[in-house]
Amino acid sequence: MNTQTTAPRARGSFRINGLAYAALILTLFFGTIQVAQYAGLWSVSGKLTPDGAAVQLSGADPAEIKGWMTIESVVDAYHVDKAALYARFSIPAETPSSAALKDLEVVAPDFSITALRDWLIEQAAP
Amino acid sequence: MSSTVSPRTPPARARWRRPSLQTLRQFVQFGVVGFVVFIVGNQLVFGEAAASAEAFCPFGGLETLYSYLTGGRTIAHTHLSNLALFLAVAVTTIVARSAFCGWICPLGTIQEWTYAFSRWLQRRIPPLGRAMNALRKSLNPRAARGTAAGPTLGQRIDHGLSYGRYLVLAWIIGGTITYGSMVFRDYDPWSALLSLAELQLSVGTAVLAVSLITSLFVERAWCRYACPLGATISLMGRLSPVRIERVESACTSCGLCTQRCPMGIDVARADAITDLSCITCLRCVNECPRPEAIDLRLAIPGIHPAAAPAPTSGD
Ligand code: SF4
Ligand code: SF4
């Protein structure tokens, strides 16, 4: 086989060097991530803001409530009666208020994050 | 393998091209898998205090994109990092086609390694090697093509299943918009891979296991038949000006490119590889014994090589 034969090139296109292509891929992928990080579009935990500060409940919008938050943090932020919350969702009295919301479904079948959000909206209604 | 394949000693230039780029690709893949191992290890050591492993899944970015654009919020279990990763995949794809799949995706890499392990076993267990040869022959797009027999059963099944990933993508997009939650989360093998430290058996873990077991027989089985991210990438990749082109007059039709393609594309019969399954791994380019016959090229998307105006000078 004659390896020196020069075949006609495909028309209307330009050869890309393999190493340049590899460099392009890495630059595009990791460069975009870097730019996103600089622009604040980066957080790897729902518990931290993009600046690295701990997420705090504002008490203004129940949609902000996440499963990792505790009963205590919701009671404090939304100024609701803890006993009323326990009664509404049949949460056993011995459940500590430091329990994460996502763990409540096991001990209180009536409980779900969506139901809690709806209840908080009702409580806030005049 | 197909009878049209005639192994030959590659010329010096091809020998030079082969190891360099594929070694570099494997080096990049190894680095990304190393990062995944780091995330999993971090979860094992620091548990709750470590970053959520799911935060590094680019597909989570696609799932949460609608919610973020319409309501400014990410849906449960996704974070801004998912969006940033999806953005990085999208930018890479629009410029450099499906290079994410061929060079970066850890799930694709692990499937490649699984298949390489299978090839290693086949060399040591002759009956297994013979059975796998028969399967490869049945799946090889060059086998039985152009004859009265038409496509083999293996080719028909392979072709039918290749639409599966678009169905999965449609289900996820429809479900996520309708319910506002990650309908795919429980089945997601990336998530299962990234969350291995939790040591919990889930449907996603089973999907991951089945994908890897299937990859012992068909290279990159998950990528070929079920991956919704691969489906998204292949559709976006149509916008990319990068593609592989084959020069008919320089090609000896030895079929090595087709034989080595992990996605079962009949490279040796195409002028330009615009097949949506191509993952731009460049194995076909590196395997070709005729350096002039096939190359990665920059071209206007949608223009067929034969339809493009002839150049006035060489490139
Ligand atoms: S098809 Fe899916 S699993 Fe395969 S490499 Fe691409 S993104 Fe990864
Ligand atoms: S056509 Fe070439 S670059 Fe595309 S998947 Fe097959 S071997 Fe890889």
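The structure presented is a predicted model; accordingly, all values stated were derived computationally and were not measured. Naming convention: chains lettered A, B, ... in sequence-line order (proteins, then strands); numbering from 1 in each chain.
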Heavy-atom proximity to chain A below 4.5 Å, by part of B/Tyr68: side chain
field: Distance in Å, A/Arg15 CZ paired with B/Glu292 CD, rounded so as to fall on 0.5 Å steps
entry: 9.0 Å
message: Using 0.5 Å steps for rounding, measure from the CG atom of B/Leu24 to the CG atom of A/Leu26.
response: 7.0 Å
field: Whether B/Trp103 and A/Tyr21 hold their rings parallel, tilted or perpendicular, with breakpoints at 30° and 60°
entry: perpendicular
query: Non-hydrogen atoms of chain A under 4.5 Å away: do they reach the side chain of B/Leu87, the backbone, both or neither?
result: both
statement: Minimal heavy-atom distance between B/Leu80 and A/Gly40, with the atoms involved, is CD1-O, 3.8 Å
message: Report which part of A/Ile25 has an atom under 4.5 Å of a heavy atom belonging to chain B: side chain, backbone, both, or neither.
response: both
- prompt: Which bit of B/Val28 comes within less than 4.5 Å of chain A, counting heavy atoms only: side chain, backbone, both or neither?
  reply: side chain
- request: Considering non-hydrogen atoms only, spot the tightest contact between B/Leu21 and A/Leu19 and give its length.
  value: CD1-N, 4.0 Å
- prompt: By a 4.5 Å heavy-atom criterion (distance strictly below it), what part of A/Ile113 contacts chain B: side chain, backbone, both, or neither?
  reply: neither
- prompt: Can you check side chain to side chain contact (heavy atoms under 4.5 Å, CB included) on B/Leu85 and A/Phe29, steps first, answer last?
  reply: CA-CA 8 Å; B/Leu85 282 163; A/Phe29 187 74; 4.1 Å; yes
